[in-house]
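Okay, structure first, notes after.
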Amino acid sequence: AIQMTQFPSSLSASVGDRVTITCRASQGIGNDLGWYQQKPGRAPKLLIYATSILHSGVPSRFSGSGSGTDFTLTISSLQPEDFATYYCLQDYNYPWTFGQGTKVEIK
Amino acid sequence: EVQLLESGGGLVQPGGSLRLSCAASGFIFNTYTMNWVRQAPGQGLEWVSFISGNGGDTYYADTVKGRFTISRDNSKNTLYLQMNSLRAEDTALYYCAGGSGYYYEALDIWGQGTMVTVSS
């Protein structure tokens, strides 16, 4: 199975900061990667799919990039509602695998 | 309103069985591929299983292969997960999630989850 290494596992940031989260795949996955946001006690929500396509209704401060093995999620200007845990998911082949998650906390 | 509603979770002894259901409403169910994703208490997300729109293709995580079976009844707009030989490490909140179209891997619909606890 493809292993997804996500880092950092947590970060502290202030409102307005630029935040970058990285996922590294154990083998090439093309651009078959999505990003999800999860808030405590809530189901995950889709942010980005196919590496860089923003899901409908997701604010444009979120962006994704990468290809092959290295991928990033960037929040250009962190907002109060963005404090959450973020996960990457490779859907290149089965079994699909999530990264371990990155918890974004308020500094 | 687009909605997925899971049910069937509960407390079960190790080695026991449980069947989860996920009732869909507000969208054309058979156009969606569906998945089960679980989350152990305080832990991250784990993809569990996939089923195609017509039920013809299924895939599983290595951790559940041979023990869990995913299925769907499109006439009832319902997804299932039959879980056998349950282990303590299967304890988790189980979500159903789906996607459609060319980018069916993008899971844009999620339920709120049903809790499964495996303990004696």
Side-chain angles (χ1 to χ4, degrees), chain A residues 1-10 21 23 25-26 29-58 62 64 71 73 84-105, chain B residues 1-6 9 20 22 24 27 32-52 56-68 70 92-115:
Chain A
I2 296 173
Q3 307 299 316
M4 300 301 297
T5 303
Q6 186 175 339
F7 52 91
S9 57
S10 66
I21 298 168
C23 264
S26 59
I29 60 171
N31 71 341
D32 294 336
L33 185 110
W35 291 95
Y36 296 81
Q37 177 194 66
Q38 187 180 33
K39 296 182 178 179
R42 306 293 295 274
K45 288 185 176 181
L46 174 67
L47 295 176
I48 287 170
Y49 58 96
T51 296
S52 60
I53 301 176
L54 205 63
H55 180 52
S56 175
V58 175
F62 290 92
F71 301 85
L73 171 70
T85 301
Y86 294 84
Y87 295 91
C88 62
L89 170 65
Q90 72 79 16
D91 50 66
Y92 179 74
N93 63 16
Y94 298 99
W96 293 354
T97 43
F98 284 95
Q100 300 94 325
T102 296
K103 187 173 183 179
V104 177
E105 299 176 302
Chain B
E1 179 189 4
V2 170
Q3 191 172 18
L4 294 173
L5 186 61
E6 301 95 335
L20 306 183
C22 169
F27 62 99
Y32 270 71
T33 64
M34 297 298 297
N35 300 265
W36 289 97
V37 174
R38 69 184 181 183
Q39 187 168 36
Q43 302 301 308
L45 301 172
E46 180 186 14
W47 175 84
V48 173
S49 185
F50 164 97
I51 188 167
S52 59
D57 293 314
T58 59
Y59 300 96
Y60 299 91
D62 294 341
T63 52
V64 307
K65 195 176 297 182
R67 300 187 299 122
F68 289 12
I70 191 171
L93 184 64
Y94 284 73
Y95 295 103
C96 57
S100 69
Y102 183 80
Y103 291 109
Y104 65 88
E105 306 94 336
L107 306 182
D108 61 354
I109 302 178
W110 291 73
Q112 287 307 301
T114 186
M115 187 67 201

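A note on names: the letters A, B, ... follow the listed sequences, proteins ahead of strands, and every chain is numbered from 1.
- Interface remark: Q39(B) contributes side-chain atoms only to the contact with chain A (heavy atom separation under 4.5 Å).
- In this structure, the portion of L89(A) lying under 4.5 Å from any heavy atom of chain B is its side chain and not its backbone.
- For Y94(A), the ring-ring contact (aromatic ring centres under 6.0 Å, His included) partners two or more places apart in sequence, or in a different chain, are W96(A), W47(B), F50(B), Y59(B).
- When only modelled atom types and interatomic distance are considered, T85(A) and Q38(A) share no side-chain donor-acceptor pair under 3.5 Å.
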Which side-chain N or O atoms in residues 96-107 of chain B pair as donor and acceptor under 3.5 Å with protein atoms at least two apart or in another chain?
none

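- Between F62(A) and Y86(A), the two ring planes are tilted [angle within 30° to 60°].
- Only the side chain of V37(B) comes within contact range of chain A, with at least one heavy atom under 4.5 Å from a heavy atom of that chain.
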